Amino acid sequence: MILTAPSFIESLINFEPLRYALIAGICIGFIAPLTGSVVIIRRLSFIADTLSHFSLAGVTVGIFLSKLLSHVININPIYMGVLFSIGGTFIIELLRGFYKNYKELSMTILLSMGVALSGLFIALTPGISTSYTTGLLFGSIMSVDKNDVLVTLITSALILIFTAIFYKQIVSLCFDETHARISGINVRLLQLAITVILAVVISVFLELVGVLLISALLIVPVSASILIGNSFRQTITTAIVFSEISIITGFYISFKLVLPIGSTVALLNILILAGVMLFVRIRKRYVKKSET
Amino acid sequence: MQVRVNNLTFAYTQKLILNDVSFNLESGEFLTLVGKNGTGKSTLIKCLLKILKVPDGTVFFDNVDINAIKLFKNVGYVPQKVEFSYEFPITVSEILTSAYLKVKDEYFNKVINSLGINPFYRDNINNLSGGQFQKVMIARALLNHPQLLILDEPTVGIDNESMLALYEVLEKLKEKKVTIIISTHDTDFSKDLSDYYLELNEVGVFRIYK
């Protein structure tokens with residue numbers, strides 16, 4: 001009898017963790033560039049990175065407390081990550097007030113604090129495994145369970161509903177804050193909502209893709225699509241397509257070659273970006289030539 | 001909309017820009033702000049719109065102190081320079097539909113047609129000429145159903161045809177009792193519409209005349 005390895009599709013049908021991971025991945029592929037577009041326009045790219053590191057601190061504090069208080073209360077570390085991530089946005093604002101010309105310092109300070117706290121609480125938590133901490137850094141999408149998928153699906157649905165309801169206000173705010181305010185949009189509230197959404201997205205996706213790769217999924221597909229887009233809607237749609245291609249292909253490649261999914265997906269995103277850059281450069285040269 | 005400005009004074013660190021400016025406008029009145037570059041026309045406009053905080057003096061819209069207004073209603077503003085995020089692609093239609101929180105209706109189409117925006121309605125804003133871009137900014141302000149319309153140098157960079165279209169729009173708005181404040185170097189443009197002129201000079205002094 002000859003034993004053959006199951007195909008990707010067979011594994012998807014028979015192997016529950018792979019199915020859950022792919023569903024979560026497809027959700028991320030949709031939501032990450034959607035959120036990432038606003039992050040880029042509002043020039044919050046570095047905030048996303050900072051919050052992911054501070055959120056990591058929240059998760060490690062959550063793990064520490066859950067071990068310490070396991071007989072009293074059941075704490076989900078991810079919720080602690082959400083709390084830290086949201087708290088982090090307010091700390092950034094608070095720190096910004098101390099500097100007139102070097103406001104970005106507030107983010108570096110918070111990022112350092114996040115990494116330091118993470119290191120401290122990982123060391124303080126008894127019995128924490130290296131594979132778990134590596135998972136926090138680079139993602140452990142294959143370890144997602146039914147509950148994680150449910151949280152990812154609900155978060156994604158809520159973000160989609162929010163975007164559908166406030167799409168016009170978001171576009172208005174993104175492109176001209178002054179006009180948005182004068183035209184009667186509650187800019188402060190909308191800004192707060194966007195920051196909270198960013199904080200939630202980062203925390204929920206943290207376990208799946210890891211703290212180091214979150215920015216790659218939020219930012220890189222959009223960085224590629226803005227180079228070839230003509231309209232706001234088309235640019236976001238293209239970014240989602242790039243993102244989904246990299247996720248589905250990334251799952252397939254990492255399944256076939258036994259590679260870490262998060263890293264493979266992130267590198268595929270970079271590859272697409274490089275391809276788009278090359279295309280833009282060639283197109284520019286061709287247009288120049290045909291003009292002369 | 002009624003506008004009352006009382007003893008408005010504004011200075012950038014050491015330099016006095018606006019010194020004790022006061023004026024009243026009734027609904028449907030047209031004020032032209034004149035003065036050389038740097039005399040504070042844009043600063044005055046920014047103070048009225050709360051883009052800059054008014055340190056001294058008060059501004060009332062329809063007898064309500066603007067500091068008490070959380071969200072402006074029916075105020076249209078055409079800025080002198082728009083700080084758009086140009087690198088992120090966006091079309092004219094997306095700018096205008098996002099500025100119109102209702103579903104597109106007859107009023108929306110009327111504004112677009114009155115300014116002749118249709119030929120470049122689907123274009124990316126990066127491909128527009130200065131005049132076309134200015135028209136989009138004017139349309140965006142009009143979509144807000146303004147009762148007070150403030151325009152900062154709206155005639156800069158636009159051709160005669162566009163200027164005429166803008167004049168006709170302003171004329172109609174004035175008939176509809178919309179209060180209009182316009183800052184311009186081109187006093188000829190607004191001379192038949194203006195009820196008042198407010199002249200600012202370098203030392204923060206102002207003069208108002210009919």
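Protein chains get the first letters and strands the later ones, always in sequence-line order, with residue 1 at the start of each. Values in this document were obtained by computation on a predicted structure and should not be read as measured data.
- Residues from residues 220-233 of chain A that place a non-hydrogen atom less than 4.5 Å from a non-hydrogen atom of chain B comprise A/V222, A/I226, A/G229, A/N230, A/S231, A/F232, A/R233, given in numerical order.
- Within 6.0 Å of CZ on A/F30 lie no more than 12 heavy atoms contributed by other residues, nucleotides or ligands.
- In this structure, CG on B/L96 lies 11.0 Å from NZ on A/K168, to the nearest 0.5 angstrom.
- Proximity to chain B involves both the backbone and the side chain of A/S172, based on heavy atoms less than 4.5 angstrom apart.
- Atom CD1 of B/I150 and atom CD1 of A/I182 lie 7.5 Å apart (nearest 0.5 Å).
- Within the 4.5 angstrom heavy-atom criterion, atoms from both the backbone and the side chain of A/S183 approach chain B.
- Partners of B/R4 by salt bridge (charged side-chain N to carboxylate O under 4.0 Å, His left out), not counting sequence neighbours, listed by chain and number: B/E26.
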- [ ] Take A/V171 and B/T97 through the test side-chain contact (heavy atoms from CB on, under 4.5 Å) and record every step on the way to the result.
- [x] CA-CA 10 Å; A/V171 176; B/T97 47; over 6 Å; no
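- A/F175 and B/P89 get closest at one heavy-atom pair: CZ-O, 4.3 Å.
- Within a 6.0 Å sphere centred on OH of B/Y121, heavy atoms belonging to other residues, nucleotides or ligands number more than 12.
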- [ ] Would you please test A/D176 and B/R140 for side-chain contact (heavy atoms from CB on, under 4.5 Å) and show each step?
- [x] CA-CA 11 Å; A/D176 191 352; B/R140 189 179 67 163; 2.8 Å; yes
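- At a heavy-atom cut-off of under 4.5 Å, chain A is reached by B/L71, B/F72, B/V75 from residues 63-76 of chain B, listed in order of number.
- Under the side-chain contact (heavy atoms from CB on, under 4.5 Å) criterion, A/L95 pairs with A/I91, A/S106, A/I109, sequence neighbours left out.
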- [ ] Kindly determine whether B/I51 and A/R181 satisfy side-chain contact (heavy atoms from CB on, under 4.5 Å), including the steps that lead there.
- [x] CA-CA 9 Å; B/I51 297 170; A/R181 209 167 43 71; 3.7 Å; yes
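- Around CZ of A/R283, the count of heavy atoms belonging to other residues, nucleotides or ligands within 6.0 Å exceeds 12.
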